[in-house]
Amino acid sequence: MSPTNLRLLVCLVMLGGPTLAHATCLTSVTELKAEGIKTNWQETTMDDGKPLKIVIADGANGLIYSASKAGEPWLTGDAAFCRSGDTTTVTLDNTKATENVPLVTRMALPSTLSAPIVNDEIRLAGGAWRGTFVGR
């Protein structure tokens, strides 16, 4: 390989490095806490004075979440916290809503929500629903 081609290859690898980064997912509450990621999140954008509270816990096959409003269970599902570069993204998946969730909201709520964590804040959105959560 000529020196010019070698320089070009090194340059491409250096420029392409960030795009080649793959996500590393955290798999336990212990790992979340070690990375400074909160396991309790509280909604700040509710219009009824009753914030939705999300709690992350260890499950049998990874992280899980439960969400409650006014002390009543609302949602459950799987949770993933994955890092790629400087960005940590939370994904709430396989969401199941309880009968405490209003029917219209239940019907519009997607089974997967995902958003980056920025300054201990998550802005989740799906369908007609939007919510901003702050880590506690």
Compare every heavy atom of [Y] with every heavy atom of [X], then report the nearest pair and how far apart it is.
X   : Y    : answer
T95 : Y65  : OG1-OH, 2.7 Å
G36 : D120 : O-OD1, 4.5 Å
K38 : G135 : CG-CA, 3.6 Å

Task: Verdict with supporting geometry, L63 and F81, side-chain contact (heavy atoms from CB on, under 4.5 Å) - done: CA-CA 9 Å; L63 294 169; F81 289 78; 3.9 Å; yes
Can you check whether [X] reaches [Y] side chain to side chain, under 4.5 Å on heavy atoms?
X    : Y    : result
V101 : L75  : yes
V104 : R106 : no
T44  : F133 : no
P102 : W74  : yes
P73  : N100 : yes

Got a list of side-chain donor-acceptor pairs under 3.5 Å for residues 109-118, not counting sequence neighbours?
residue : atom : partner : partner atom : Å
T112    : OG1  : D93     : OD1          : 2.4
S114    : OG   : V90     : O            : 3.3
S114    : OG   : T91     : OG1          : 3.0

- [ ] For residues 75-90, pull every pair meeting salt bridge (charged side-chain N to carboxylate O under 4.0 Å, His left out), keeping only residues two or more places apart or in separate chains.
- [x]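 Output for this query lists E35-R83.
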Task: salt bridge (charged side-chain N to carboxylate O under 4.0 Å, His left out) partners of residues 42-52, not counting sequence neighbours, each pair once - done: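 Sorted result for residues 42-52: E43-K69, D48-K69.
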Open item on the list: side-chain contact (heavy atoms from CB on, under 4.5 Å) for V134 and W41? Distances and angles first, verdict last.
Closed with: CA-CA 5 Å; V134 174; W41 298 86; 5.5 Å; no
Task: Set of residues satisfying side chain to side chain donor-acceptor pair (under 3.5 Å) with respect to Q42, sequence neighbours excluded - done: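 In terms of side chain to side chain donor-acceptor pair (under 3.5 Å), with neighbours along the sequence ignored, Q42 is linked to no residue.
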Task: Under the side chain to side chain donor-acceptor pair (under 3.5 Å) test, residues paired with E121 that sit two or more places apart - done: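 Partners of E121 under the side chain to side chain donor-acceptor pair (under 3.5 Å) test: R123.
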Open item on the list: Could you go through I37 and T88, starting from their C-alpha distance and side-chain angles, then the distance that decides it, and tell me whether this counts as side-chain contact (heavy atoms from CB on, under 4.5 Å)?
Closed with: CA-CA 9 Å; I37 299 171; T88 300; 3.8 Å; yes
Task: Path from L92 to W129 over hydrophobic side-chain contacts below 4.5 Å - done: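 Same hydrophobic cluster.
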TODO: Go through the steps for T45 and R130 under the test side-chain contact (heavy atoms from CB on, under 4.5 Å), then give the verdict.
DONE: CA-CA 8 Å; T45 52; R130 298 189 182 308; over 6 Å; no
Mind listing the side-chain donor-acceptor pairs of residues 52-62 below 3.5 Å, one per line with the distance, residues two or more places apart or on another chain?
residue : atom : partner : partner atom : Å
D58     : OD1  : V29     : N            : 2.8

Open item on the list: Test your reading of the model: is there a side-chain donor-acceptor pair from S28 to the backbone of E31, 3.5 Å cut-off?
Closed with: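 Pair found, side chain donor or acceptor close to backbone of E31.
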